[in-house]
There are 2 protein chains.
Amino acid sequence: MGNPNRDHEYLAKLQDYFASYRSLPSYAVIGELLGMASKSAVSALVKRLTLAGFVEMSPDKRLAPTKRFFEREIADFNVPAGLPAAANDAMSDSLSVDEFLIPRPSTSLLVRIKGDSMMDAGIFDGDIAVIEKRHAANLGDFVLAIVDNEYTLKELGRDKQGYVLLPHNRDYQPIRAEQSLEIFGVMTGLIRKYR
Amino acid sequence: MGNPNRDHEYLAKLQDYFASYRSLPSYAVIGELLGMASKSAVSALVKRLTLAGFVEMSPDKRLAPTKRFFEREIADFNVPAGLPAAANDAMSDSLSVDEFLIPRPSTSLLVRIKGDSMMDAGIFDGDIAVIEKRHAANLGDFVLAIVDNEYTLKELGRDKQGYVLLPHNRDYQPIRAEQSLEIFGVMTGLIRKYR
DNA sequence: TTGACAAGCGAACGGACGTTCACTACGCTA
DNA sequence: TAGCGTAGTGAACGTCCGTTCGCTTGTCAA
């Protein structure tokens, strides 16, 4: 009975379901969804998908998608040729956008960039910075700092006189805190949207 | 008992859990996670979070996060002052990163940028471009084009002689197709990761 | 200081859940 | 064409799930 390996098709349906509802349904409902009449067929399917690395059991033994379930392929930029369809072969890597940018939701926040003081670092007005809240940073990190009671995003640097906030734009001068310099968080990602 | 409204804190823990495991745990496990000894307390919490719009019941009555569960606030960059905690008031907007960048998963793909030909547009080597597959584009769009059998990301322009692909880097020349120029897709977003 | 309210506790309950197992149907390959 | 492997069926079963309800604890306003 049945064709060889419809699992890919089944997976696609589960991905669609998850995209709609952000949870995987019970085995009975998966059955309905995929046109299976028995839960044991679903159970077998789940075993196969688990082996293939698309789903797994969460700590409390609930069925959950793996990271791989969400991954989107990253195509290589200058694959020399090939049809768009053949481009699949050239796929090199993959990632889930949310996972990639925001591993710990509760400690990260998004900040909309104002101004062009970081322009030379490819950070433009209107871009969104992903900031991970923490008070320690390394030299060279881009940090969201509170300096003299004002928020600013700059590279953290140091010279003989102490810490300095370095803009990436020749028209701006390095910033030295007059009173206080606090690291609010470290920039871990950048998001830009073209309409 | 307890402080007024720890729900925000509870929500944060659930968000972290979901980020780790991509599913919500059973009421008993939520209880452990949040330090509650009874499932009825969890049940009450779930009702509150449902009212607040952060979770909902999926079609087969499973607890599932809503889109709002994933939304991240966008803080305004130069909020003039205020404590980090008070920054909440200055939150202006919010978005879910995946939703924001990739509204139609099936027609978009991610492309890793190679080279510096778009540097002046803030698109650097190693960045990831979100490309929406379509064959029509407007002048001024950044497009992923197949020109003479090679992929390239450039601005789409036109002059007296026809269509031109414009780099954003003074060291590069505009590209004119010798044989064929095909639009593979339009760039709708940019993702960059700092480690 | 009293009452109301919100939040949590703990136990009991019925039902839905995923597992298991024996059986069947189909498509390879020998 | 016999045999094997893969996919699915259907029913039985025990477990864990979320609900419910009466009770307790702490906070706040009157």
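Just so we're clear, the structure is a prediction, and the values are computed from it rather than from any experiment. Convention: sequence-line order gives letters A, B, ...; per-chain numbering from 1.
- Terminal axes of the helix from C:dT1-D:dA30 to C:dA30-D:dT1 (five pairs each, C1' rotation axis) are separated by 40°, to the nearest 10°.
- Between A:Arg6 atom CZ and D:dG8 atom C1' there is a gap of 11 Å when expressed in whole angstrom units.
- Between the OH atom of B:Tyr10 and the C1' atom of C:dA6 there is a distance of 12 Å, given to the nearest Å.
- Shortest non-hydrogen contact noted between A:Met187 and B:Tyr194 is CE-CE1, 3.5 Å.
- Between B:Arg68 and B:Glu56 there is no salt bridge, since none of the side-chain N atoms of the basic residue sits less than 4.0 Å from a carboxylate O of the acidic one.
- Taking 4.0 angstrom as the limit, B:Ser38 places none of its side-chain polar atoms (N or O) nearer than this to OP1 or OP2 of C:dG8.
- Side-chain contact between A:Leu45 and A:Arg48 is present, with at least one heavy-atom pair separated by less than 4.5 Å.
- No donor-acceptor distance shorter than 3.5 angstrom exists from the side chain of A:Arg134 to the backbone of A:Val186, with no hydrogens or angles considered.
- Using a 4.5 Å cut-off on side-chain heavy atoms (C-beta onward), A:Met57 and A:Leu63 make contact.
- What separates CE of A:Met36 from P of D:dT6 is a distance of 16 Å, to the nearest Å.
- Inter-residue side-chain proximity for B:Leu24 and A:Ser23 is flagged as unmet; no heavy-atom pair is nearer than 4.5 Å.
- Side-chain N/O atoms of A:Ser40 and base N/O atoms of D:dT9 include a donor-acceptor pair closer than 3.5 Å.
- Residue A:Lys39 places its side chain closer to C:dT19 than to any other of D:dG8, C:dT19, D:dC17.
- Between the CG atom of A:Leu34 and the C1' atom of D:dT9 there is a distance of 15 Å, given to the nearest Å.
- As rounded to whole Å, 15 Å separates atom C1' of D:dT9 from atom CG of A:Leu45.
- Of the listed nucleotides (D:dG10, C:dC17, C:dG10), C:dG10 has the atom at the smallest distance from the side chain of B:Ala37.
- Under the 30°/60° scheme for interplanar angles, the aromatic rings of B:Phe142 and B:His168 are found to stand perpendicular.
- A distance of 11.0 Å separates OG1 of B:Thr152 from CD1 of B:Ile146, quoted to the nearest 0.5 Å.
- Taking the side chain as every heavy atom from C-beta outward, A:Leu166 and A:Tyr172 never approach each other to under 4.5 Å.
- Contacts with DNA chain D (heavy atom under 4.0 Å) in residues 55-66 of chain A: A:Arg62, listed by number.
- Taking atom OH of A:Tyr27 as the reference point, atom C1' of D:dT15 lies 15 Å away to the nearest angstrom.
- Rounded to an integer number of Å, the gap from CD1 of B:Ile30 to P of D:dG18 is 7 Å.
- Contact between the side-chain N/O atoms of A:Arg48 and the OP1/OP2 oxygens of D:dG8 is found at a separation under 4.0 Å.
- When rounded to the nearest whole Å, the span between CG of A:Leu51 and C1' of D:dT6 equals 14 Å.
- Judged by closest nucleotide on DNA chain C, B:Ala44 is the one of A:Ser26 and B:Ala44 placed further toward the 5' end.
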